[in-house]
Amino acid sequence: MDLYIPIIVLGVLAFAFAAGSVLMASLTGPKRWNRARLDAYECGIEPTPQPVGGGRFPVKYYLTAMLFIVFDIEIIFLYPWAVTFDSLGLFGLVEMVLFILTVLVAYAYIWRRGGLEWD
């Protein structure tokens, strides 16, 4: 249990800082409410009405998001490999080369199909 005390203390400090920041902002902040303050802020542009079912996003948006997730997951797998590189030996090197080649094949396919072009 002694090993968890620093983690618990850090969690309590983080919660206390967050709660204290919100409390201090509400106590010291201005209390002048008006219609403009309660409106949604969209970079100074008046919000446009949306259709009943919500606006439709182009498919390119979702494809770009999925590409980001794929390459983000690749980076997540590279960190533990880099930390344990010495202990993995040649097996770890070969496995990571195969993994990176697989991702590069997918990247080349997406590039050739125009998935990185934003119209």
Side-chain angles (χ1 to χ4, degrees):
M1 187 64 179
D2 290 338
L3 296 174
Y4 292 108
I5 290 176
I7 296 171
I8 293 170
V9 169
L10 183 64
V12 168
L13 285 174
F15 178 77
F17 179 76
S21 297
V22 171
L23 181 68
M24 290 303 292
S26 66
L27 292 176
T28 60
K31 305 284 189 283
R32 292 170 274 140
W33 301 105
N34 57 25
R35 182 179 177 274
R37 185 177 176 113
L38 296 175
D39 279 347
Y41 180 71
E42 294 189 16
C43 302
I45 300 171
E46 289 293 325
T48 57
Q50 293 291 325
V52 175
R56 294 184 60 153
F57 289 100
V59 174
K60 283 275 199 191
Y61 173 79
Y62 297 107
L63 291 176
T64 304
M66 285 189 280
L67 286 175
F68 173 76
I69 290 171
V70 165
F71 291 114
D72 196 38
I73 289 172
E74 176 190 6
I75 295 300
I76 289 172
F77 283 134
L78 282 175
Y79 278 123
W81 173 78
V83 170
T84 60
F85 177 70
D86 289 337
S87 63
L88 292 176
L90 183 63
F91 173 76
L93 179 64
V94 170
E95 289 297 319
M96 190 50 67
V97 166
L98 291 175
F99 175 71
I100 290 175
L101 283 176
T102 305
V103 173
L104 285 177
V105 167
Y107 178 70
Y109 174 76
I110 291 166
W111 189 2
R112 294 278 293 165
R113 297 286 297 195
L116 301 176
E117 303 287 330
W118 192 265
D119 298 328

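Position 1 is the first residue of the sequence, and the numbers go up from there. A quick note: this is a predicted structure, and the numbers were derived from the prediction, not measured.
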Let me confirm one number: the [atom1]-[atom2] distance from [X] to [Y], rounded to the nearest 0.5 Å.
| X | Y | atom1 | atom2 | value |
| --- | --- | --- | --- | --- |
| Leu78 | Ile73 | CG | CD1 | 12.5 Å |
| Glu74 | Leu104 | CD | CG | 7.0 Å |
| Trp81 | Leu93 | CH2 | CG | 6.0 Å |
| Tyr79 | Thr84 | OH | OG1 | 14.5 Å |
| Leu90 | Glu95 | CG | CD | 10.0 Å |
| Ile76 | Asp72 | CD1 | CG | 4.5 Å |

Same apolar cluster (I L V M F W Y, side chains within < 4.5 Å links), [X]/[Y]:
| X | Y | result |
| --- | --- | --- |
| Phe17 | Ile8 | no |
| Ile100 | Val97 | yes |
| Leu98 | Met96 | yes |
| Ile75 | Leu101 | yes |
| Leu67 | Phe99 | yes |

field: Check: Tyr109 and Val105 side chains under 4.5 Å, non-hydrogen atoms
entry: no

message: Counting only heavy atoms not in Phe77 (residues, nucleotides, ligands), do more than 12 fall under 6.0 Å from its CZ?
response: no

task: Could you walk me through whether Phe15 and Val12 pass the side-chain contact (heavy atoms from CB on, under 4.5 Å) test, one step at a time?
output: CA-CA 5 Å; Phe15 178 77; Val12 168; 5.8 Å; no

- request: Name the orientation class of the two ring planes belonging to Trp111 and Tyr107 (parallel below 30°, tilted from 30 to 60°, perpendicular beyond 60°).
  value: tilted

